Engineer: 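Attaching a single structure in structure tokens format; questions to follow.
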Amino acid sequence: EVQLLESGGGLVQPGGSLRLSCAASGFTFGGYAMSWVRQAPGKGLEWVSTMSGSATTTYYADSVKGRFTISRDNSQNTLYLQMNSLRAEDTALYYCAKREGTSGWYFAFDVWGQGTMVTVSS
Amino acid sequence: DIQMTQSPSTLSASVGDRVTITCRASQSISSWLAWYQQKPGKAPNLLIYKASSLEGGVPSRFSGSGSGTEFTLTISSLQPDDFATYYCQQYNSYFRTFGQGTKVEIK
């Protein structure tokens, strides 16, 4: 069974840092682009970042560019999101998501984790 | 960035109703559109990809159509399990964007 399990969320002060992890199982992790998507409390979905399976290509939403860094360890089947200079507006449930299909850059997200909550507050 | 606009924002319907949700893109996205269902406290679930392809395991009462800038998600006969929030998402651009969501409520 394909599974994604996020961890690392918590309460952090504005300007602080946090690293999220997403442990993957049930598929050949290195063969799939992976993404982070967040959802502020009571709000809609916001795409945050995507990294290719080979870790050679990354994309970020303007709202996090320069502050967040996506990375992955294919030997450990784990995706990461390093979040620096955190702001109140980064408060959200952070999901990792796997791409559907195996080739090209046109893909939806077919498997999602349960999410990890990040709260930025003093 | 490509803006995605869903309508309506909220929809009240009864079991057995035919329901249609519309999603419009600010520029052409070909057929690179997905639909997700999200229930309270749960992660989103992929229903439709490439505008009209049904994800495995998704009931056939769900269907998607459209191309370019206008898309629809149709539920042919609403079931109790379908009361949820639905999101469209474009993936024509490297910078993915979602619609704001449509909440389907019990009438």
Side-chain angles (χ1 to χ4, degrees), chain A residues 1-6 9 22 24 27 32-52 56-66 68 70 92-117, chain B residues 1-10 21 23 25 28-58 62 64 67 71 73 84-104:
Chain A
E1 182 189 2
V2 176
Q3 285 191 320
L4 301 172
L5 185 63
E6 302 94 336
C22 170
F27 65 103
Y32 292 85
M34 297 291 296
S35 302
W36 289 97
V37 177
R38 68 185 181 183
Q39 187 169 35
K43 303 296 184 182
L45 301 168
E46 180 187 15
W47 169 78
V48 172
S49 182
T50 295
M51 172 171 266
S52 63
T56 55
T57 304
T58 59
Y59 294 100
Y60 297 93
D62 286 346
S63 57
V64 306
K65 194 169 186 179
F68 289 12
I70 191 172
L93 186 62
Y94 284 73
Y95 294 103
C96 67
K98 168 189 165 290
R99 68 161 293 161
E100 52 83 17
T102 56
S103 63
W105 204 255
Y106 299 107
F107 54 83
F109 304 135
D110 66 348
V111 179
W112 298 62
Q114 86 294 343
T116 186
M117 187 67 200
Chain B
D1 287 2
I2 300 174
Q3 307 302 315
M4 306 301 293
T5 304
Q6 289 181 231
S7 60
S9 295
T10 306
I21 299 169
C23 179
S28 177
I29 58 170
S30 185
S31 295
W32 303 119
L33 184 101
W35 289 98
Y36 301 88
Q37 177 193 66
Q38 187 179 35
K39 297 180 180 178
K42 300 293 186 182
N45 181 50
L46 177 64
L47 300 174
I48 302 282
Y49 62 96
K50 207 174 177 184
S52 60
S53 296
L54 193 68
E55 175 70 352
V58 175
F62 290 94
S67 66
F71 303 84
L73 173 70
T85 300
Y86 294 84
Y87 294 93
C88 63
Q89 180 227 337
Q90 67 80 20
Y91 49 100
N92 181 74
S93 163
Y94 295 132
F95 308 99
R96 290 11 183 170
T97 45
F98 290 87
Q100 81 280 13
T102 295
K103 186 175 183 179
V104 176

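Both backbone and side-chain heavy atoms feed into the values below; hydrogens, waters and symmetry mates do not. Please read these numbers as outputs of a predicted model, since none were measured by experiment. Numbered from 1 within each chain, the chains take letters A, B, ... in sequence-line order.
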Engineer: Are any of the side-chain heavy atoms of A/W47 and B/Q90 separated by less than 4.5 Å?
Structural biologist: no

Engineer: Over all heavy atoms of both residues, which pair between B/K42 and A/Y95 is shortest? Give the atoms and the distance, please.
Structural biologist: O-OH, 3.4 Å

Engineer: Do B/Y91 and A/R99 have side chains that approach each other closer than 4.5 Å (heavy atoms only, starting at C-beta)?
Structural biologist: no

Engineer: May I ask you to name which of A/E100, A/Q114, A/K43 has the most heavy-atom pairs under 4.5 Å with chain B?
Structural biologist: A/E100

Engineer: Taking every non-hydrogen pair under 4.5 Å, which of B/L46, B/N92, B/T85 racks up the most with chain A?
Structural biologist: B/L46

Engineer: Evaluate the side-chain proximity of B/F98 to A/V37: yes if any heavy-atom separation is below 4.5 Å, no if none is.
Structural biologist: yes

Engineer: So A/W105 and B/Y94, would you call those rings parallel, tilted or perpendicular, with 30° and 60° as cut-offs?
Structural biologist: perpendicular

Engineer: Chain A: which of B/P44, B/A34, B/G99 shares the most heavy-atom pairs with it under 4.5 Å?
Structural biologist: B/P44

Engineer: Which residues pass the salt bridge (Lys or Arg N to Asp or Glu O under 4.0 Å) test with A/R38, sequence neighbours left out?
Structural biologist: A/E46, A/D90

Engineer: So which part of A/Y60 gets closer than 4.5 Å to some heavy atom of chain B, the side chain, the backbone, both or neither?
Structural biologist: backbone

Engineer: Is it the backbone or the side chain of B/F95 that comes under 4.5 Å from a heavy atom of chain A, or both, or neither?
Structural biologist: both

Engineer: Could I get the full list of ring pair (Phe, Tyr, Trp, His ring centres under 6.0 Å) partners for A/F109, not counting sequence neighbours?
Structural biologist: A/W112

Engineer: At their closest point, which heavy atom of A/A108 faces which heavy atom of B/Y36, and how far apart are they?
Structural biologist: CB-OH, 3.6 Å

Engineer: Output the distance between atom CG (A/L45) and atom CD (B/Q89), rounded to the nearest 0.5 Å.
Structural biologist: 9.0 Å

Engineer: Nearest 0.5 Å please: distance from the OH atom of A/Y106 over to the OG atom of B/S31.
Structural biologist: 11.5 Å

